[in-house]
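Scroll down for the structure; my scribbles are underneath it.
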Amino acid sequence: MSTLLEVTDVATYYAAQGATIRAVDGVSFTLAGGEVLGIVGESGCGKSTLGRTVLRLVEPTAGSIRFLGEDITKLDRRAMVRRRRNMQVVFQDPFGSLNPRHRVGEIVVEPLEVHGIGDARSREARVSELLALVGLPPDAAGRYPHEFSGGQRQRIAIARALVLEPKLLIADEPVSALDVSIQSQIINLLAELRVRLGLAMLFISHDLSVIRHVSDRIAVMYLGRIVEIASTSEIFDSPSHPYTQALLSAVPHTDPARRRERILLSGEMPDPAHPPSGCAFHTRCRHAMPRCSGGRPLLTSRPTQAGPREVACYLY
Amino acid sequence: MTTTTPAVTTAILPPRRLIARTLGTPGAVAGSIILVLLVFGALFASLLSPFDPNATRVCPRLAAPSLTNFFGCDLFGRDIFSRILHGAQLSLAVGLLTVAISLIAGTIIGMVIAFLGGRVDRIGVRMLDVMLGFPAIVLAILIVAVLGVGAFNAALAVGISGIPRIARVIRSATLTLVGREYVDSARAVGASQTRILRRHLLPNLWPIVIVLGSLDLGTAILSTATLSFLGLGAQPPTAEWGAMLSAGREFMRYAPWTMIFPGLALFLAVMSVNLVGDRLSHVLDPRASGHV
Amino acid sequence: MSEAPLLAVENLSVAMGATPVLEDVSFQIAPGETLGLVGESGCGKSVTALSVMRLLPNPPGKFLGGRILFDGTDMLSLDIAALRAIRGDRIGMIFQEPMTSLNPVYTIGDQIGESLIVHRGMNGSAARTETAKLLDLVGIPAARNQLDRYPHELSGGQRQRVMIAIALACRPKLLIADEPTTALDVTVQAQILDLIGRLRVELGMAVLLITHDLGVVAEFCDRVAVMYAGRIVEEAPSAELFRNPRHRYTEALLHTMPAANPPGRKLPSISGTVPAPADRGAGCIFAARCRFAIPRCSTDLPPLTEPPHRLRCWNPA
Amino acid sequence: MPWFVRRVLGIVPTLFLTWTIVFGVLQLIPGDPVMLALGGTPASDEVLDNERRRLGLDQPVYIQYLTFLKKMAIGDLGNGYSSKQPVSEMIAARVRPSLELALGGLLVGILLGVALGIAAGLRPHGWIDTMTMSTALVGVSLPSFWIGMLLIYVFGLQLEWVPILGDGIDALILPSITIGLFLAGGLARLIRSALIETMTQDYIRTAHSKGLSAVRVVAKHAMRNAIIPPITLLGLQFAVLIGGAVVTERVFARAGLGSMLIDAVLTKDIPLVQGLVVYTTTAYIVINLLLELLYGIVDPRIRSRRA
């Protein structure tokens, strides 16, 4: 598979309350066409900012983002607009992500209008097609978002995102706001569409079981950095970074066989305005060594049976 | 200067249901009836008045109310009822003009500084806050001092002095809207700045603008009448409620009707507008009506 | 259960305005026991928790019937003074949103000590000493100098610890925890659950844990009651319930979880959504979404069977 | 830097900007200031030139502006055109009547507004609430000059209970009621909405779950959070009032700062207008600052917020 997206040393800083927040700090990864990369981490780790940076909804402070072989961080507004045809997004909040004053038809057709694709009739046909694809009734086009449930709204958001037939979909916590029984419907829909449309996805979530279910590979983020990135089976079968291990062990399971010995971390994630020196995790790590607070460990790659695994830890 | 941000409405109401819900309380119904009567009286003032409002000696000076002069007569023997009807015309027109000035300028300024953000926003907010440091009546008086007295200038002064407050509210409302995911979503599909402003922000700001306008209309009518009362607005012999009150003040011991009826008209006009505006804001603002 | 229950909710029905939100809800908690009340949003689990404390805002909340026996006393028959004597003293409560559940304008020391002053009649300095101990107990180190901090200076996890300290100040016999970890990250959730679990044993108190997270219930609770649309549909010891779910809703819910399925495989899903109160028929409310519904399901309401494995289903697994 | 020092320093640019606006706006007043200063009496060119030099009007505008700022900073407001007296002395002589009226009005407003607002806010949509809010709506719709005149007519002229003129405390009753009625309407509505909003907060539920009495929940946990908007309103209204209740002073023929401002505008006494506006806005800014310092005491979050 060819490389679709190549993110290199991307950093996104912003100023808040007189301090610099390093939301994303030196992140690199690649995504192949049709692949799903899961980005997992706890709130404040920078995963959502990373998603927005890749879309250039937030401007990166440093680094390059190559999409289809072209560095999009250098593009001007107009050129960037054209690239947006190929990269779309679905957000977490199905209540906030749809304009309450637009009918569903207007919401889904807007990308076609913006990019001047087709005429009124072909657009209408395309909207019906998309609504059917995401499992909504044809009469949905004439109704307003507030007439739909959370799960249905998320389907509308997906229809809008896919109307341009993008190659990359960034799904930012797409099922977090939904109840368990609705979650599975949306996960199934995304999985099905991925196969049908050959879609690559950056799937951002804090929910490890959701991430495990949908991803080919997983990147674990902590305080603005990727600490481990590997295939889904590698991450779950043999997590290497102490943080990954603690994170996996913290998830409660209904099946006793799936429970791991719990590694209780002390404290909480530090303030991203004042990250600790060296490895950002050393303040909570049970394996911390003197050198961990000195220099920062870099992501180091080593081959495994299921592809390369990269870990940023002095233990490896 | 308490500028709270009105909640941004999420529900859509078709006009007919909006009117039905606005008329949902006895107060709003009463307000609407008075308002309709006032507007009717103002529109057909010339047809309805028994006398020319400015014709003197149509009745004895300071004559008490009677069947021919319902509200009595003023010092110059003018019919107070006719003058009040014509005053309604002026008050409503001036009120609408005033609100239009504050709303249009305030909305544009507030929306633009919030949307551009960064330094523009910081400087803009600072300027607005400084303007808000002038008590509204003082600012209006200051503007009249520059423009000169007169009904139109008073309206202009009150309108201008209302701009900073509207701009401040619209700015905060726009900021909450800009933070909504559907605005990000529009940017993500490649929508231009103007498209986002026009298609995504403005339609969602409308209810707030309407609420602000309806709540301000009463104050606007009151403020312009106040300026006239102080001698800074409409000048004699214009039939204007504030000016009539000012003139009636000197004779209230002998002819209280010269100040009772113009004041009553002003009070009813302001209250009817406030009753309707208050209810409208409840209907359009889901937080106020407890629907959130 | 041989012991007299600490809390017995009997046939409780509650409405919010004209909408029924709880119908015929019954469950018991023995002293020292942990019961999990689990269900999706809107199923009535939080209303149950607030009802036990009589904290449901009224209006719109309204008790239509049933009893809530705490230590043999019916909470619904108590006057406000007797109720206050129980709240915060014999029953403690913690909530979902640690960010907003603490009063922003008072120090945490003040807010924890308040219960001690009100219920134990302590003076300021005694309350302060005891509050410092409580902070130690909930794992906020260097407790003394933490007393004068304000909620906004603490992280989410720390605020939830403060909430726990408030709830436990008077060593209650029952702790009601309403989604205590939902707003927290998974590693912090683990800390908080671990803390509640330890204190439960140390203080010998019973816990009513309300959550939508089946995993949390499975690992934390002795017994589980599953709610759907205002009713308890199944209740059993948690090991039994998760090994052998019998109500079709519980079964379907467990099967739809991504964690219960191999990665990449299509997830079994429950079709449709919870019907609005107006659209509910006479039978089992889940019937319309149930793959195993038989004709009787949509006409007759199944009764709740007897312990230890209670369920409300005509066609169980 | 401690938060209150930052806040105090923060008003310097605000004062500077405000004075700049006052200076700028008054430059726009039509008519030659020298002619205005001489009160329209015909004068020779020589007299005009002398007067122009004396007032510094022969200097370029930016020099005039700098001089103006310098004088403002040391509290020199210049001399009035009509009286030739120092403006600061003229203002000082009129502060007392305005201040008395401000305090009287505030007292009536607080007594009425706080009581009604709390009664309404604790039982929203109950009958007290409905009554209070209807009355408050009427209150804010009443033209204060009209209500003032009605009070004079009924209590002064017909019943003759109180004098309508004079400096005594009893002459203060009617104007205070006039202002108080206006204040009470807005205050009651604000207290009500602040209280309703606060009572739905999660921490109020926490307070109830601790077993606190209803009185303690409202008085301790709700009030301190609900108090900021009403304090703001009152503080700023007070600031407006000590600058002179323009309308009420007019109606009751009280010689305060408000009636002075109207006269100054009508006679185009620019230094006096300028002095009065500078005094009013400066009072407004200073009171605003005091309010913010007060919020810092009431709400610790404000103290820790960075500038």
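A quick note: this is a predicted structure, and the numbers were derived from the prediction, not measured. Each chain gets a letter, A, B and so on, in the order the sequences are listed, and its residues count up from 1.
Of all the heavy atoms in A/L4 and A/G33, the pair that sits closest is CB-N, 3.8 Å.
The contact between A/M87 and chain B is made entirely by backbone atoms, counting heavy-atom distances below 4.5 Å. Only the side chain of A/R52 comes within contact range of chain B, with heavy atoms under 4.5 Å apart. In this structure, the portions of A/L57 lying under 4.5 Å from any heavy atom of chain B include both its backbone and its side chain. Heavy atoms closer than 4.5 Å to chain A are found in the side chain of B/R195, but not in its backbone. For a residue to count as touching a neighbouring chain, one of its non-hydrogen atoms must lie under 4.5 Å from one of that chain's; by this rule A/R160 touches chain B with the side chain only. If you measure heavy-atom distances from A/E110 to chain B, the contacts under 4.5 Å come from both the backbone and the side chain.
Taking A/L55, A/V89, A/D93, A/D172 one by one and counting their heavy-atom pairs under 4.5 Å with chain B, the maximum is reached by A/D93. Chain B forms more heavy-atom pairs under 4.5 Å with one residue of A/R78, A/E147, A/E113 than with any other, namely A/E113. Contacts with chain B were tallied for A/V90, A/N99, A/L98, A/I170; A/N99 has the most, counting heavy-atom pairs under 4.5 Å. By number of non-hydrogen pairs under 4.5 angstrom with chain A, the leading residue of B/S185, B/A191, B/G179 is B/S185.
A/R194 pairs by the salt bridge (charged side-chain N to carboxylate O under 4.0 Å, His left out) definition with A/D216, not counting sequence neighbours.
Inter-residue side-chain proximity for B/P164 and B/F134 is flagged as unmet; no heavy-atom pair is nearer than 4.5 Å. Using a 4.5 Å heavy-atom cutoff, the side chains of A/H102 and B/H200 are in contact.
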Show which side-chain atoms of residues 116-125 of chain B pair as donor or acceptor with protein atoms under 3.5 Å away, not counting sequence neighbours.
from: B/D121; atom 1: OD1; to: B/R171; atom 2: NE; distance (Å): 2.6
from: B/D121; atom 1: OD2; to: B/R171; atom 2: NE; distance (Å): 3.4
from: B/D121; atom 1: OD2; to: B/R171; atom 2: NH2; distance (Å): 2.9

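Using a 3.5 Å distance cut-off with no hydrogens or angles, the side chains of A/D119 and A/S122 do pair a donor with an acceptor.
Relative ring orientation between A/H146 and A/Y144 is described as parallel, the plane-to-plane angle staying below 30° on a 0-90° scale split at 30° and 60°.
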